[in-house]
Amino acid sequence: MITLNPSLGFENQTREALEFYREALGGQIHLVTYADYAAADPSAEVAKEHHDRIVHGVLLTEFGQRIIAADTLEPAPKTPAVTLSIWGSPEDVDTLRAAFTRLAVGGAVTVAFDVASWAADETWGALTDKFGVYWEFGTHPAGSYL
């Protein structure tokens, strides 16, 4: 199966961000530092002051999503806004509400995770986490459009 996975760039906050996301979403983290990269490829030119930064980090969440992240060595370019969405069925509402609440710590809730304004059998909420990443959470009954 082919999947689309978000890849986030941070300015020396990847480790902290992925650990925060693991606390909220569960799962396993794998990190490769620039020191690891330089050790594997002696021809790599990475300044020693960057060796503790993350060249490749992955969180495989308990929900099955893969979030990829890395520390940028230079300021990240400005890109169009991207939303990370996590959707489930009505049976998942308590699990999603708990993850939503954990991700909101230190961030800002745009719309509380509650019954959706467009359908009484759906829930939806949105927040920006403490790293500036925008998230949407929602549920749809079986057979709906997602």
Between [atom1] of [X] and [atom2] of [Y], what distance do you get to the nearest 0.5 Å?
X: T33; Y: R15; atom1: OG1; atom2: CZ; result: 7.5 Å
X: L59; Y: L25; atom1: CG; atom2: CG; result: 6.5 Å
X: D121; Y: H140; atom1: CG; atom2: NE2; result: 10.0 Å
X: E62; Y: R22; atom1: CD; atom2: CZ; result: 10.5 Å
X: S117; Y: E122; atom1: OG; atom2: CD; result: 10.0 Å
X: H56; Y: S7; atom1: NE2; atom2: OG; result: 8.0 Å

* Who else is in I68's hydrophobic cluster (ILVMFWY, side-chain heavy atoms under 4.5 Å, direct or via others)? ->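 V58, all in the cluster of I68.
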* To do: Run through the side-chain heavy atoms of Ile, Leu, Val, Met, Phe, Trp and Tyr, join any pair under 4.5 Å, and report what else lands in L60's cluster.
  =>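 Members other than L60 - counting any ILVMFWY side chain reachable under 4.5 Å - there are none.
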* **Pair listing, side chain to side chain donor-acceptor pair (under 3.5 Å) test, anchored in residues 94-114, at least two apart** =>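 Sorted result for residues 94-114: empty, none.
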* Flag the pair L8 / T14 as yes when at least one side-chain heavy-atom distance between them is below 4.5 Å, and no otherwise. =>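 The answer is no, as the side chains (C-beta and beyond) never meet within the 4.5 Å cut-off.
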* Is there a side-chain contact between F100 and I86 (heavy atoms, below 4.5 Å)? ->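 A side-chain contact is absent here, since even the closest heavy-atom pair is not under 4.5 Å.
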* Asked: Can you list the residues that meet the side-chain hydrogen bond (donor to acceptor under 3.5 Å, both in side chains) rule with Q28, with sequence neighbours excluded?
  ->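 Q28 satisfies side-chain hydrogen bond (donor to acceptor under 3.5 Å, both in side chains) with no residue once adjacent residues are dropped.
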* **Least distance between heavy atoms, G138 atom then L96 atom** =>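 In this case the closest contact between G138 and L96 is O-CD1, 3.5 Å.
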* Asked: Does V109 share a hydrophobic cluster with L103, counting links as ILVMFWY side-chain heavy atoms below 4.5 Å and allowing steps through other members?
  ->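 Yes, V109 and L103 fall within the same hydrophobic cluster.
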Using a 3.5 Å cut-off and no angle test, enumerate the donor-acceptor pairs between side-chain atoms of residues 123-131 and protein atoms at least two apart in sequence or in another chain.
| residue | atom | partner | partner atom | Å |
| --- | --- | --- | --- | --- |
| T123 | OG1 | T139 | OG1 | 2.6 |
| D129 | OD1 | F131 | N | 2.7 |
| D129 | OD1 | G132 | N | 3.1 |
| D129 | OD1 | V133 | N | 3.1 |
| D129 | OD2 | Y21 | OH | 2.6 |
| D129 | OD2 | W135 | NE1 | 2.9 |

Run the side-chain donor-acceptor check on residues 43-54: report pairs under 3.5 Å with partners two or more places apart or on a different chain.
| residue | atom | partner | partner atom | Å |
| --- | --- | --- | --- | --- |
| S43 | OG | D41 | OD1 | 2.6 |
| H51 | NE2 | V46 | O | 3.3 |
| R53 | NH1 | T72 | O | 2.9 |

* Take L18 and I67, measure what side chain to side chain contact (heavy atoms under 4.5 Å, CB included) needs, and give me the verdict at the end. => CA-CA 8 Å; L18 289 179; I67 300 172; 4.3 Å; yes
* For the side chain of D71 and the backbone of E11, is there at least one donor-acceptor N/O pair under 3.5 Å apart? ->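 Pair absent, no side-chain N/O of D71 close to backbone of E11.
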